[in-house]
Amino acid sequence: MSPDGPWWRHAVIYQVYVRSFADSDGDGIGDLPGVRSRLAYLRDLGVDALWLNPFYPSPQADAGYDVSDYRDVDPRFGTLADADALIADAHAHGLRIIVDLVPNHTSDRHPWFRAALAAPPGSRERARYLFRDGGGPDGSAPPNNWMSNFGGRAWTRVTEADGSPGQWYLHLFAPEQPDLDWTNDEVRAEFHDILRFWLDRGVDGFRIDVAHGLAKDPEMPDLGAGYATGGQAVEGHPHWDLDEVHDVYRGWRRIADAYPGDRTFVGEIWVADPARLARYLRPDELHTAFNFTFLVAPWEAGALRAAVDESMTELAEVGAPATWVLSNHDVTRHVTRYGGGAVGVRRARAAALLMLALPGGAYVYQGEELGLPEVEDLPGEVRQDPTFHRTGGIEPGRDGCRVPLPWSGTEPSYGFGPGAASWLPQPAGWAELTVERQAGDPSSMLSLYREALRHRAALPALGAGTLTWLPAGGDVLAFGRDPGFVCVVNAGDRPAAAPPGVRDARLLLASGPVGDDGTLPPDTAAWYTT
Ligand code: GLC
């Protein structure tokens with residue numbers, strides 16, 4: 001083991017959104033052989049592990065987060081043999097593999113849900129999900145006022161086998177994603193078995209989808225005024241972040257710990273309070289969680305520093321490392337979030353150096369290393385996210401951060417697949433952003449990520465550990481890492497003088513042109529060795 005402890009305490013993990021990464025067969029949808037064919041790119045980028053979004057058989061009502069078989073691969077993405085070959089090849093390239101586990105809900109086509117629809121109220125088949133009788137004299141009112149995260153009600157009424165209007169089932173997401181009942185021992189046993197299935201195949205860990213959502217208040221009370229459906233969980237919410245969820249993860253941890261090789265869990269946990277987040281990372285629960293406090297912080301020195309401090313303080317209480325994340329397949333890409341255009345790119349470059357210098361692990365969402373912006377002008381007819389459709393287009397949804405990657409050439413699909421096809425259209429301007437274009441350009445975003453990751457791997461100061469804030473003025477963040485490393489970020493819109501501690505330091509890497517006297521331009525970060 002390295003002096004920094006197990007790999008997951010300091011890894012840089014690259015998120016592969018499989019359907020948009022690389023398409024091997026020309027159907028316009030990325031696939032596992034496509035990922036396999038690009039492993040050398042990922043190794044050369046310098047990441048340690050890959051997290052793959054769901055590739056299991058699925059009707060794709062929510063891009064694979066509606067799983068109909070947890071132990072196979074959707075034909076769109078390949079075969080189980082392709083998954084095995086990818087795991088083996090990734091390991092041969094020195095890359096670990098994390099797969100996505102979706103425990104809060106199945107697809108409505110999962111055999112369990114089909115059986116539940118065919119079985120009567122009160123049956124063992126229905127008890128795996130959250131079926132309830134409706135309100136009102138004829139049961140035609142939904143059991144409570146909970147809303148779907150994707151818009152509309154969180155309840156759908158079924159038709160019973162005899163054709164009469166029947167019970168309602170809960171779906172915190174799309175109607176095609178019925179929620180499982182995690183008080184049911186059969187559900188728990190099934191997921192233990194699914195974990196073992198993938199652990200036996202050699203995966204190094206799991207990303208847990210909606211990890212804060214599995215337990216629901218058994219009374220199913222109405223959502224009170226002041227409690228939102230989406231967003232981050234807050235104390236007292238009837239279906240987010242209930243205490244009962246922790247017992248599930250203690251059971252999972254025992255399973256993972258019984259395998260050799262530091263298998264790991266990372267939770268997708270949207271809770272507003274870092275202290276509540278830390279509860280999931282107690283030594284006998286999950287290993288890490290995405291740090292959304294950092295992701296949602298605006299590009300502003302005070303807010304960024306507060307997000308870092310709060311996260312590190314709370315996680316230290318339970319001995320868990322932080323993981324820093326700027327983008328994923330659910331949020332607007334950070335080039336755009338930070339202002340878009342040249343400003344957004346400048347800030348994204350600085351943010352990359354900030355993130356990769358912070359103690360702990362980091363996530364890189366495919367395409368951020370190319371500086372891809374959100375594609376905001378996708379026409380409604382190509383959009384696929386249920387959020388867009390269930391809100392009548394009021395919410396644009398998440399397709400704009402899921403557009404297939406540009407690899408090479410000057411015409412769509414820019415090397416994504418053998419032909420022009422891509423499941424979402426790529427903007428014309430992306431010819432400028434291809435891997436091929438950026439690889440040879442030392443001033444490109446790709447070159448910045450490669451350099452930063454190379455230094456990160458070589459410098460003992462980076463990765464696991466702690467930081468020390470250094471005195472710096474208003475819009476400037478400066479911190480040291482031992483031994484001999486300093487990161488300075490000017491998040492303001494005016495040039496800033498180098499803080500006193502770094503004037504004699506050696507400049508290692510910068511996201512923009514640093515002056516000879518150490519002056520940092522606006523929205524610029526720099527790494528120094530001292
Ligand atoms: C998570 C996934 C998201 C999905 C949702 C429902 O938030 O990241 O993409 O839509 O869970 O499974």
Side-chain angles (χ1 to χ4, degrees), residues 13 15-21 30 51-68 70 74 77 98-110 113 129-130 146-152 154 170-180 182 191 194 206-214 216 228-233 239-241 245 265-272 277 280 286 288-292 295-296 323 325-333 363 365-366 374 383-391 395-403 423-424:
I13 300 176
Q15 180 187 352
V16 178
Y17 194 67
V18 177
R19 58 165 49 226
S20 298
F21 186 70
W51 149 35
L52 306 173
N53 286 97
F55 49 70
Y56 316 107
S58 160
Q60 306 289 326
D62 181 23
Y65 283 97
D66 47 323
V67 179
S68 55
Y70 289 83
D74 193 290
F77 301 129
I98 291 177
V99 293
D100 214 314
L101 187 71
V102 189
N104 182 64
H105 42 263
T106 69
S107 161
D108 63 343
R109 308 281 175 80
H110 189 285
F113 195 71
Y129 293 90
L130 292 160
W146 296 1
M147 300 294 284
S148 155
N149 243 37
F150 292 155
L170 179 72
H171 51 86
L172 292 180
F173 293 88
E176 296 87 350
Q177 295 167 297
D179 281 51
L180 288 164
W182 274 89
F191 275 84
I194 293 165
F206 299 89
R207 176 260 187 192
I208 318 295
D209 190 58
V210 201
H212 58 305
L214 273 46
K216 279 90 182 173
T229 298
Q232 307 223 28
H239 63 67
W240 294 140
D241 191 31
V245 79
F265 293 110
V266 52
E268 185 210 21
I269 303 165
W270 288 94
V271 295
L277 182 75
Y280 291 77
L286 305 179
T288 56
F290 298 105
N291 188 341
F292 295 127
L295 184 150
V296 300
T323 63
V325 50
L326 291 167
S327 278
N328 66 31
H329 66 293
D330 291 328
V331 300
T332 302
R333 281 189 178 275
Y363 281 82
Y365 175 47
Q366 68 175 44
E374 184 82 0
R383 289 192 178 264
Q384 296 199 13
D385 184 358
T387 314
F388 175 80
H389 296 286
R390 284 180 64 83
T391 62
E395 294 283 343
R398 301 161 293 175
D399 294 300
C401 65
R402 299 175 175 180
V403 173
W423 70 278
L424 287 172

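Read the numbers this way: they start at 1 and go in the same order the structure lists the ligands and their atoms.
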Quiz prompt | Geometric class of the F173/F150 ring pair [parallel <30°, tilted 30-60°, perpendicular >60°] | solution = perpendicular
Quiz item: H105 heavy atoms, cut-off 4.0 Å: which ligand 1 atoms fall inside?
Solution: 6 (C), 12 (O)
Quiz item: Of all the non-hydrogen atoms in the protein, which one sits nearest to atom 4 (C) of ligand 1, and at what distance?
Solution: D62 OD2, 3.3 Å
Quiz item: Thinking salt bridges, do D385 and R390 make one under a 4.0 Å N-O criterion?
Solution: no
Quiz item: Ion pair present between R19 and D74, side-chain N to carboxylate O less than 4.0 angstrom?
Solution: no
Practice problem: For the residue pair T106 and D66, establish whether any side-chain heavy-atom pair is separated by less than 4.5 Å. | Solution: no
Practice problem: Can you sort out which atoms of ligand 1 are near H329, meaning under 4.0 Å from one of its heavy atoms? | Solution: 2 (C), 3 (C), 8 (O), 9 (O)
Quiz item: F206 vs F265 aromatic rings, parallel, tilted or perpendicular, using cut-offs 30° and 60°?
Solution: parallel
Self-check item: Numbered atoms of ligand 1 (with element) below 4.0 Å of R207, judged on heavy atoms
Solution: 2 (C), 8 (O)
Practice problem: Note the single closest protein heavy atom to atom 9 (O) of ligand 1, along with its residue, its atom name and the distance in Å. | Solution: D330 OD1, 2.7 Å
Practice problem: Mind telling me whether F191 and Y70 have parallel, tilted or perpendicular rings, with 30° and 60° as the class edges? | Solution: perpendicular
Exercise. Below 4.0 angstrom from a heavy atom of R398, which ligand 1 atoms are there? Numbered from 1 as shown, please.
Key: 3 (C), 4 (C), 9 (O), 10 (O)
Quiz item: W270: heavy atom below 4.0 Å from ligand 1, yes or no?
Solution: no
Quiz prompt | Listed partners of R207 passing salt bridge (Lys or Arg N to Asp or Glu O under 4.0 Å), at least two apart | solution = D100, D209, E268
Quiz item: Taking heavy atoms and a distance under 4.0 Å, where does F150 meet ligand 1: side chain, backbone, both or neither?
Solution: side chain
Quiz item: Should one rank V67, D209, T387, D66 by closest heavy-atom distance to atom 2 (C) of ligand 1, which comes out on top?
Solution: D209
Self-check item: side-chain contact (heavy atoms from CB on, under 4.5 Å) partner of F292, chosen from V271, I269, L277, N328
Solution: N328
Self-check item: For atom 7 (O) of ligand 1, closest protein heavy-atom neighbour
Solution: E268 OE2, 2.7 Å
Quiz item: Which ligand 1 atoms, with their elements, are less than 4.0 angstrom from a heavy-atom of R402?
Solution: 9 (O)
